[in-house]
Protein chains: 2
Amino acid sequence: MPHPVKKRHTGCPVAFALDTFGDRWSLLIIRDIVLKGSKTYGEFLEASEGIATNVLADRLKELESAHILVKSRDPNNHRRYFYRLTEKGIDLVPVILEMIQWSAKYDPQTKARKEVLSKIESDRQGFLQEIRERLRES
Amino acid sequence: MPHPVKKRHTGCPVAFALDTFGDRWSLLIIRDIVLKGSKTYGEFLEASEGIATNVLADRLKELESAHILVKSRDPNNHRRYFYRLTEKGIDLVPVILEMIQWSAKYDPQTKARKEVLSKIESDRQGFLQEIRERLRES
DNA sequence: AATTTTACTTGCTATTTGCAAGTAATAAAA
DNA sequence: TTTTATTACTTGCAAATAGCAAGTAAAATT
C-alpha cells in the first residue's frame, strides 16, 4: 500500500500546495471530474491515462482526507460511490486552467481545444463560474 | 541516478504540464528563483526545503532539457553556474500564483504575506509584469 | 443459486527518493 | 607555488513509492 508523502509544513504556500496535490496523478483525477464528468472509481480508472488501481485508491483516499473530495454512496447502486469536489477542490480549477494555458502554448502536440482556450482568455471569470455551478449541482 | 518520469504524451494539457513539472520539487526550484532570487546550485540546496543533492542535480537537468531553465557560467567565478528562467519558465509564474492563493486560503499555518496576496488580487497583471521584468534583467 | 459488477486489496518487482560520502575543477590563501 | 577551500556535482546504497497482475468482498443482475 503506497503511503502519503512526507509533508514539509514549512508555511510556504507553494510547498503546501505541492504537498497536497503535487504528484503525477492527483490533478489528473481532478481534471477527470472537472472536464470529463467522471465520478466513480471505474470512470477514473478508464479516464486517467492508465493510473494503476492501487495508486488510484491511494490518491482518492489522500484527496478525501485533504477535504478536496467527498465520497458518497450511489443511492441507486450501493456497490458504487460517487466522488465529488468540495469547495476546496473546486478552488483548484484556476490552477488547472493556468496549466492548460501554459501547455497549450508550449506543447506542439497539444489537444487543448481552441474554443476552450479563447473562452478562458476572453471570459475567465464566466468560464470559472460555469464550472463551479456545474460541479455544485452535480 | 534518478531518471526522468515516463511521459504520457497524450495531448492532454494537464498531463503535459504534470509530465513536465508535476513532482514535489520542480516548482519549488522555480519558486526559489522567482521569489528568493536563487541562481546557483548552492542556493537551491539551501533554499529548497532540504532537497537532496542528487535530486536537485536531476531536476535542474530535467528543467534545463525542457527549456524552462538555462544554465550559464558565472563570468566572475568559473566554478559556478547561474540558472535562470527562460520565457517558458517565466510563464509558469501564473501557475505558482494560483497555488499561492489556494494555499493562503486553505492552509491555517500559511506564511503567505498579506501584502503580496492583496497585490496579486488587486493588480495581478502589474504584479506579473514586475516579476517578468525583474527576471528578464537578472 | 450462479454470475457479474464495482470497488477496492494484496503481493511482488521496478523505479525513484533520500542520505552520506566522494570527486573534480577552479579559486583563494599561505 | 603548494595547500586549502569552494562549488557543482556524482556514486552507492537503503527506504519509499509506483506499477503490474491477481485476488477478494459486497451488492446487483440473471
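Numbered from 1 within each chain, the chains take letters A, B, ... in sequence-line order.
Every residue meeting the side-chain contact (heavy atoms from CB on, under 4.5 Å) condition with A:Glu43, not counting sequence neighbours, appears here in chain and number order: A:Ser38, A:Lys39, A:Thr40.
Atom CG of B:Asp58 is separated from atom P of D:dT10 by 10 Å (rounded to the nearest Å). Computed from coordinates, the B:Leu45 CG to C:dT17 P distance equals 16 Å when rounded to whole Å. The distance from atom CG of A:Leu28 to atom P of D:dG19 is 11 Å, rounded to the nearest whole Å. Following rounding to the nearest Å, B:Glu62 (CD) and C:dT17 (C1') show an atom-to-atom distance of 14 Å. Taking atom CD on A:Glu46 and atom P on C:dT5, their separation rounds to 12 Å, with Å as the unit. As a whole-Å value, the separation of B:Lys7 NZ from D:dG19 C1' is 17 Å. Here D:dA27 presents its P atom at 18 Å from OH of A:Tyr41, a figure rounded to the nearest Å. In this entry the distance linking CD of A:Glu49 with C1' of D:dA18 reads 16 Å, nearest Å.
Side-chain atoms of B:Arg136 and B:Glu87, non-hydrogen and from C-beta on, do get closer than 4.5 Å to each other.
Nearer to the 5' terminus of DNA chain D, by closest-nucleotide assignment, is the contact made by B:Glu43 (compared with the other of A:Asp23 and B:Glu43).
No side-chain donor from either of A:Gln129 and A:Gln125 sits under 3.5 Å from a side-chain acceptor of the other. A donor atom on one side chain and an acceptor atom on the other are found under 3.5 Å apart for A:Tyr41 and A:Thr53.
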Check: protein-nucleotides 19-24 of chain C nitrogen or oxygen pairs below 3.5 Å:
unit_1 : atom_1 : unit_2  : atom_2 : d
C:dC19 : N4     : B:Asn54 : OD1    : 3.4
C:dC19 : N4     : B:Asn54 : ND2    : 2.9

Please assess A:Phe44 against A:Trp25 for the test ring pair (Phe, Tyr, Trp, His ring centres under 6.0 Å), listing each intermediate value before the final yes or no. CA-CA 11 Å; A:Phe44 296 131; A:Trp25 295 109; over 10 Å; no
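Between B:Arg8 and B:Ala15, the shortest heavy-atom distance links the atoms NH2-O, 4.0 Å.
The distance from the OG1 atom of B:Thr20 to the CZ atom of B:Phe16 is 4.0 Å, given to the nearest 0.5 Å. To the nearest 0.5 angstrom, A:Ser26 atom OG is 9.0 Å from B:Leu18 atom CG.
Cation-pi check for B:Lys71 over B:Tyr83 is not met; the charged atom does not lie both under 6.0 angstrom from the ring centroid and within 45 degrees of its normal.
Here B:Trp25 does not reach the OP1 or OP2 of C:dT17: none of its side-chain N or O atoms lies under 4.0 Å away. Residue A:Arg59 places at least one side-chain N or O closer than 4.0 Å to OP1 or OP2 of D:dA18. Look at B:Tyr83 and you'll find a side-chain N or O under 4.0 angstrom from OP1 or OP2 of D:dC9.
For the contact set between residues 71-82 of chain B and DNA chain C, defined by any heavy atom under 4.0 Å, the members are B:Asn77, B:His78, B:Arg79.
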